[in-house]
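Structure first, commentary second.
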Amino acid sequence: MLLVSKYTAIKQLVHSYFIIALSIYTYYSIIESLVDKKIPLSKGRNSNQVFYITGLALQLSKYEKIPAMEIAEAIASHLSANSAGVFSIQIVPPGWIHLELAHPVLAGWLQRLVEKRGDIVAQGHGGTEDKKDKEELVTVLFSSHSSHSPSPQSPLPNHLFPIQYAHARCCSLVRLGEREGLITSEGAIPWLNKQQELRFHHPSELCLLSELVQVVDELECSDSSDSVKWQKLALGLSRVFDNFWRDCRIWGEVKVNSPEIALARLGLVMATQSVLRTLLEEKLGILAILEL
């Protein structure tokens, strides 16, 4: 089984399974050209689940004069035999293939985002409240983006304020979680319950997870340099995070009665911070500030 840790984007993971599945069907003359191109693959719009849709069988059917459903069933059969625990597969007439990601795979992917954030913080000496440490952390966050890095003293564009506010809010919540003793180790986030299902059930939690998957797919699979596109994505993620923070409590009764849910929600906050920082600094050339 391909490991989720090998890929930053879920779309890359799913794509890799299709490449392997196609490689066994050597009698399709079009396979070689498809391997060198992008397989048609899009994320489903239902924010309550993370799934992908491909019309690959429909595309192959046009070239090979074989019914699309027959091709879809052959591909799905191979995927099912070689992707146990990665995703569930559904064939939808006239030949669409739907793949829904398994919760443990999504948990592993979220953990990678959190660890990415943790690596940056570790370089900044833990992100403490001390002013000197904050300045050092800003330098670390800033230093790896030399060609697009703005001056830390540059005025903040008004249209980017919601993005900076969301990032700073994430940082504030994580610091509070550390002070309250809720966050003891970024490697100890209980994403899954005993049934190996994600602990997220509220629509705003699921919507934030879905948005994170979509944005990371764009970050890793798109070569666009259009700043307007990245602003739109960053503002969209910021709005979804605001809805999450409005609807999903972490402190009070949730922390006392359901600490695992509180910590899993903080994990979503840390993952969001990681993605927002990437958007701000790598795509928009704006320093991601830690507090307002």
Side-chain angles (χ1 to χ4, degrees), residues 4 8-11 13 43-52 87-88 99-118 162-163 165-178 180 182-219 233-279:
V4 68
T8 302
I10 294 292
K11 188 174 184 179
L13 175 69
K43 182 177 172 297
R45 294 183 179 182
N46 186 349
S47 61
N48 290 325
Q49 56 185 173
V50 177
F51 71 101
Y52 288 80
F87 39 65
S88 58
L99 300 98
E100 182 180 356
L101 272 294
H103 286 201
V105 173
L106 291 171
W109 177 80
L110 283 167
Q111 187 62 36
R112 284 203 69 203
L113 290 182
V114 171
E115 290 170 356
K116 178 182 177 182
R117 171 201 170 274
I163 310 170
Y165 179 81
H167 181 268
R169 168 61 68 180
C170 289
C171 295
S172 175
L173 290 172
V174 172
R175 289 195 298 269
L176 181 57
E178 291 170 345
E180 293 284 325
L182 197 55
I183 299 176
T184 57
S185 169
E186 288 171 342
I189 296 176
W191 303 107
L192 303 171
N193 59 24
K194 293 181 180 179
Q195 289 74 41
Q196 293 298 291
E197 298 173 344
L198 288 169
R199 296 182 185 275
F200 308 132
H201 300 288
H202 193 285
S204 293
E205 291 174 315
L206 298 172
C207 190
L208 179 55
L209 171 60
S210 179
E211 189 74 8
L212 286 170
V213 171
Q214 180 68 47
V215 173
V216 173
D217 280 352
E218 291 291 337
L219 284 168
L233 281 172
L235 287 168
L237 178 57
S238 300
R239 285 193 293 268
V240 173
F241 172 75
D242 287 342
N243 293 337
F244 162 79
W245 172 237
R246 179 195 65 207
D247 297 334
C248 303
R249 297 304 175 206
I250 295 174
W251 318 113
E253 292 184 2
V254 175
K255 178 191 171 187
V256 173
N257 298 326
S258 305
E260 295 87 0
I261 292 177
L263 186 51
R265 287 176 174 174
L266 272 177
L268 272 182
V269 173
M270 288 187 276
T272 303
Q273 179 194 347
S274 176
V275 176
L276 285 173
R277 182 190 64 80
T278 299
L279 285 166

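- Of all the heavy atoms in A234 and L276, the pair that sits closest is O-CD2, 4.2 Å.
- In the displayed structure, R45 atom CZ is contacted under 6.0 Å by at most 12 heavy atoms of other residues, nucleotides or ligands.
- S204 approaches N243 most closely through the heavy-atom pair OG-O, 3.8 Å.
- Remark: L237 CG to E218 CD distance equals 12.5 Å, nearest 0.5 Å.
- A 4.5 Å side-chain heavy-atom check between C207 and E211 finds every atom pair outside the cut-off.
- Of all heavy-atom pairs between P104 and L192, the closest is CA-CD1, 3.9 Å.
- Between F244 and R265 the shortest side-chain heavy-atom distance falls below 4.5 Å.
- Using a 4.5 Å heavy-atom cutoff, the side chains of I189 and M270 are in contact.
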Inset, instruction - Any chance you could lay out the side chain to side chain contact (heavy atoms under 4.5 Å, CB included) test for W251 and L173, step after step, and finish with the verdict? - result: CA-CA 10 Å; W251 318 113; L173 290 172; 4.1 Å; yes

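- Annotation: side chain of W109 is in contact with side chain of V213 (closest heavy-atom distance under 4.5 Å).
- In this structure, the side chains of L263 and I250 stay at 4.5 Å or more apart for every pair of heavy atoms.
- Between the side chains of T8 and K116, not a single donor N or O lies within less than 3.5 Å of an accepting N or O.
- Going from atom CD of Q214 over to atom CG of L233 covers 7.5 Å, rounded to the nearest 0.5 Å.
- Of the inter-residue distances, the one linking H167 atom NE2 with S274 atom OG reads 8.5 Å to the nearest 0.5 angstrom.
- Counting heavy atoms from C-beta on, the side chains of L268 and W245 never come closer than 4.5 Å.
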Inset, instruction - Could you walk me through whether V216 and T278 pass the side chain to side chain contact (heavy atoms under 4.5 Å, CB included) test, one step at a time? - result: CA-CA 10 Å; V216 173; T278 299; over 6 Å; no

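- Put simply, CD1 on I163 and CG on L235 are 4.0 Å apart, with the number rounded to the nearest 0.5 Å.
- When each of H103, Q196, R199, Q111 is tested with W191 by the rule side chain to side chain contact (heavy atoms under 4.5 Å, CB included), just one qualifies, namely Q111.
- Looking at V105 and L13, their side chains come closer than 4.5 Å, going by heavy atoms from C-beta outward.
- Of all non-hydrogen atoms in R169 and F241, the two that sit nearest each other are CG-CE2, 3.6 Å.
- To the nearest 0.5 Å, the span separating CG on L106 from CG on L198 amounts to 5.5 Å.
- To the nearest 0.5 Å, atoms CG (L212) and CG (L113) are separated by 7.0 Å.
- Across every non-hydrogen atom of V114 and G267, the tightest pair is CG2-O, 3.6 Å.
- K43 is not listed as a side-chain neighbour of I10, based on a closest heavy-atom distance of 4.5 Å or more.
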